[in-house]
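One structure below.
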Number of protein chains: 2
Amino acid sequence: MGMGRPREFDAEMALDQAMEVFWRHGYEGATIAQLTEAMGINPPSLYACFGNKEGLLKAALDRYTKLRGVWMDEVIAAPTARAVAERMLMGIADKQTDPANPPGCLLVQGGIACGTGSENVPFELAARRAQNEDQLRDRFVRAKAEGDLKESADPAALARYVSAVSVGMGVMASSGADREALRQVADVAVQAVAAQSADRT
Amino acid sequence: MGMGRPREFDAEMALDQAMEVFWRHGYEGATIAQLTEAMGINPPSLYACFGNKEGLLKAALDRYTKLRGVWMDEVIAAPTARAVAERMLMGIADKQTDPANPPGCLLVQGGIACGTGSENVPFELAARRAQNEDQLRDRFVRAKAEGDLKESADPAALARYVSAVSVGMGVMASSGADREALRQVADVAVQAVAAQSADRT
DNA sequence: CCACATCTGTAGTGAACACTACATATCTGG
DNA sequence: CCAGATATGTAGTGTTCACTACAGATGTGG
């Protein structure tokens, strides 16, 4: 019993290309023809490796969140809640306007509303965004315990807020907002977190 | 030269139904079959009245922005920049979770990323969102002139910020966030505007 | 070198899509 | 009551979609 013919393409490189297509056109807007061309393979290879279109999206999302996870850890490592928010939102302003990638965020561009048969896609993307929010919330819980945030502060609400601003910035980036515009938004947004911080001397 | 057979359906009522379908499934996710069924008409009537699918979307957007314009005027009429932000974001928290409509905002759900041939749709939606932002900016310019906002405040940045938060809240609503969660976000978000306000006594 | 397993490219599959031809129905103006 | 004009319902049109059957290629284990 042999092991069969080996794969001729690099799965991770192909995923990077697929990620970009989903990022630019959304799940429903991306066609298998576009995906296979970008990935440099033919449909049967795609289906053998990823199952179907939705499987490919999930694999691309896994790769995306893995890459972003590294950066997110740096964000969480900031010393204060305010610094976390600032590092996160300013970083997002830069990332979402990085010409190396399509504008905006894959977790938003992937698909906010989908047609019948793809209802699962927006749900999947929301779940990934929620993971980020949970990380932030845990960090803000710690900040409160450390006395870095006011007693009246609600860590979950703050995390939801920062997450909401991130999403809004992503949509703006995808519709043409430049880096400076996003930084201005981030700058204003951080002040709300600062207002929840103790010792604002 | 007669005037021809009169239309048997009410265009505005039909538009309301079409609006809901686009709102729930997005432009690309909505099919002509779904639209005609919701509108209670057959395809030829749709095309005779609205030209094509994109024409129908634009008509639905016109109706949506017209309805929202009334509410927006009330928001703008609030006495201070802070009150404007509060009225806007709290109102949005309620509207985006109103069970009478699909969750979120049509200007976001309509389509953030689209496939080849529909690139115009995200652009169209962005233009409508920009109109809202312009209204806010003008109001904040006035607030600054009135001494309601600090000298250092940037009205355009504040307007972009409020607009970004609105969009983020819409995405959250569409992925299941409840009214209370959105109100918490709005509550935090308003504090950033408050931080730009003068006379915070 | 042979049986077996997996990948690859060609060339399609049926289904769903946006959109429309056409015959018929219903109005206005004369 | 007739001629012109527009709306409607039926029943399609061609195109594009996600997905796959199949045959040939390329590997491993015996």
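Chain letters run A, B, ... following the sequence lines, proteins first, then strands; residues in each count from 1. Computed from a predicted structure; not experimentally measured.
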Pairs under 3.5 angstrom, nitrogen or oxygen only, protein versus nucleotides 15-18 of chain D, please.
| from | atom 1 | to | atom 2 | distance (Å) |
| --- | --- | --- | --- | --- |
| D/dA18 | OP1 | A/Ala30 | O | 3.1 |
| D/dA18 | OP1 | A/Lys53 | NZ | 2.9 |
| D/dA18 | OP2 | A/Ile32 | N | 2.8 |

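- Neither OP1 nor OP2 of D/dA7 sits under 4.0 Å from any side-chain N or O of B/Ser45.
- With rounding to whole Å, B/Leu46 atom CG is found 15 Å from C/dC17 atom P.
- Within the structure, every pair that satisfies the side-chain hydrogen bond (donor to acceptor under 3.5 Å, both in side chains) test and touches residues 155-179 of chain B, not counting sequence neighbours, is listed here: A/Tyr161-B/Tyr161, A/Gln184-B/Arg160, B/Thr97-B/Arg179, B/Gln109-B/Ser174.
- In this structure, A/Gln34 contributes its side chain and A/Ile32 its backbone to no donor-acceptor pair below 3.5 Å.
- Using a distance-only test at 3.5 Å, with no hydrogens or angles considered, no donor-acceptor pair links the side chain of A/Gln196 to the main chain of A/Leu158.
- The side chain to side chain contact (heavy atoms under 4.5 Å, CB included) test applied to B/Ala130 returns no partner, not counting sequence neighbours.
- Between the side chain of B/Lys150 and the backbone N or O of B/Ala195, at least one donor-acceptor pair lies under 3.5 Å.
- Within residues 36-44 of chain A, the residues approached by DNA chain D to less than 4.0 Å at the level of any non-hydrogen atom are A/Pro43, A/Pro44, in residue-number order.
- With B/Arg87 contributing its side chain and B/Glu74 its backbone, the two residues share a donor-acceptor pair below 3.5 Å.
- Counted within 6.0 Å of CZ on A/Phe9, heavy atoms from surrounding residues, nucleotides or ligands total more than 12; the atom is thus considered enclosed.
- When the shell of 6.0 Å around CD of A/Glu146 is examined, it contains more than 12 heavy atoms from other residues, nucleotides or ligands.
- B/Phe140 contributes atom CZ, which lies 10.5 Å from atom CD of B/Glu133 (distance to the nearest 0.5 angstrom).
- Atom CZ of A/Phe50 and atom C1' of D/dT20 are 18 Å apart (whole Å).
- A heavy-atom distance below 4.0 Å to DNA chain C is reached by these residues of residues 5-18 of chain A, ordered by number: A/Arg5, A/Pro6, A/Arg7, A/Glu8, A/Phe9.
- Residue pairs meeting the ring pair (Phe, Tyr, Trp, His ring centres under 6.0 Å) criterion with at least one member in residues 55-90 of chain B, sequence neighbours excluded, are B/Trp23-B/Tyr64.
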